[in-house]
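Notes follow the structure.
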Amino acid sequence: MAPGTYRAVMCEKISPSATEGIEAAVVREVPCKAELGDQEVRISARAASLNFPELLMMQNKYQYKPKLPFVLCTEGAGIVVETGRKVSGLSVGDKVFYATMAGCAAEELVLPAQMCIKMPEPLSFSQAASFHMGYMTGYHGLVTRGRLRAGEWLLVTGAGGGMGSMAVELGKAVGAKVIAAASSDDKLEMCKKLGADYVVNYSKQKLKDAVGEITKGEFCDVIYDPVGGEIFDQCVRCVTPKGYARLLVVGFASGTIPKFGINMALIKGFDLVGVRSGAQLGLALTQQGGLQR
Ligand SMILES: NC(=O)c1ccc[n+]([C@@H]2O[C@H](COP(=O)([O-])OP(=O)(O)OC[C@H]3O[C@@H](n4cnc5c(N)ncnc54)[C@H](OP(=O)(O)O)[C@@H]3O)[C@@H](O)[C@H]2O)c1
């Protein structure tokens, strides 16, 4: 590798499909930023986390569309190796983790210091690098947008995936009665270890029947759905008819954006709530001066 460069995993062209998506990523040498801004830190990266949105970005299907070529990954962790003149609160040698709109799959990053959080001692680099996306989306969805309260019935679909598994943990932390739903018993075993009170395998059982049985006909106060498609249609049937439920639209991992008969929202009196944690992060990044490559 030439001196003054680092390696980064880049997307240089839009991929036609998800299966061809990640294979189209290439490793390139990128020149290091010579001088830091006053408030910036240089980080020697140790881990980056790959999430579903990376696949969508590579197909130009994500709501945030970085200009080509771009460095993949929206979160990571590493060690501060240099600080700008006016940086306070961070020193060379500190372990930090961070979230960006793109750019974390690189050996080196230069970021505004206030985008970096010191790593708590028990976390490994890979744990810290995968913290933001799932927990931030889970917290924003369940607490800020979903107004989840202790004692409420929470249904999480795709509960064995990244977004779903962290929503299971956070739902338990809030004190909700958590029903984890997924398509395989292996995933559901993991959900039980994360604290799910009940599990439903929706490849074997109709979600509505199982949820009706578990809740003794009450159905759910809050539903967190990162899957979309046919699973979303089933979720509509799992909403409590009491007149205050929240159905959280988190994602469409199934690849299908469902069509929704809005009469159901009227009949059951529920809120259909869009969850977009990235918008909050984007705003924060704009205010902090954005990502430097
Ligand atoms: N709203 C936000 O702010 C936000 C933030 C981050 C991510 N997201 C979105 O949330 C969704 C899930 O992300 P994730 O990180 O949890 O993904 P993931 O780890 O891949 O999990 C997705 C789950 O969806 C289910 N699924 C059903 N059909 C699928 C298919 N055709 N391909 C892949 N998975 C399928 C699978 O569970 P079963 O097989 O058990 O059904 C899988 O475990 C994505 O659409 C992502 O873009 C939204």
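Note that ligands are numbered from 1 as they come in the structure, with each ligand's atoms numbered from 1 the same way.
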Strictly by modelled atom types, are Asp221 and Thr240 linked by a side-chain donor-acceptor pair under 3.5 Å?
no
Taking atom types as modelled, is there a side-chain donor on Ser203 or Asn201 under 3.5 Å from an acceptor on the other?
yes
Using a 4.0 angstrom limit on heavy atoms, which residues are close to ligand 1?
Phe52, Leu56, Met133, Thr137, Gly158, Gly161, Gly162, Met163, Ala182, Ser183, Lys187, Tyr202, Pro226, Val227, Val250, Gly251, Phe252, Ala253, Ser254, Val275, Arg276, Ser277
Roughly how far apart are Thr83 OG1 and Leu90 CG, rounded to 0.5 Å?
8.5 Å
Suppose the criterion is salt bridge (Lys or Arg N to Asp or Glu O under 4.0 Å): which pairs have a residue in residues 71-90, not counting sequence neighbours?
Asp38-Arg85, Asp38-Lys86, Arg42-Glu82
Name all pairs fulfilling the salt bridge (Lys or Arg N to Asp or Glu O under 4.0 Å) condition that reach into residues 229-247, sequence neighbours left out, sorted by first residue then second.
Glu152-Arg246, Glu218-Lys242
So, using side chain to side chain contact (heavy atoms under 4.5 Å, CB included) as the criterion, who are the partners of Phe131 when residues are at least two apart?
Phe97, Tyr135
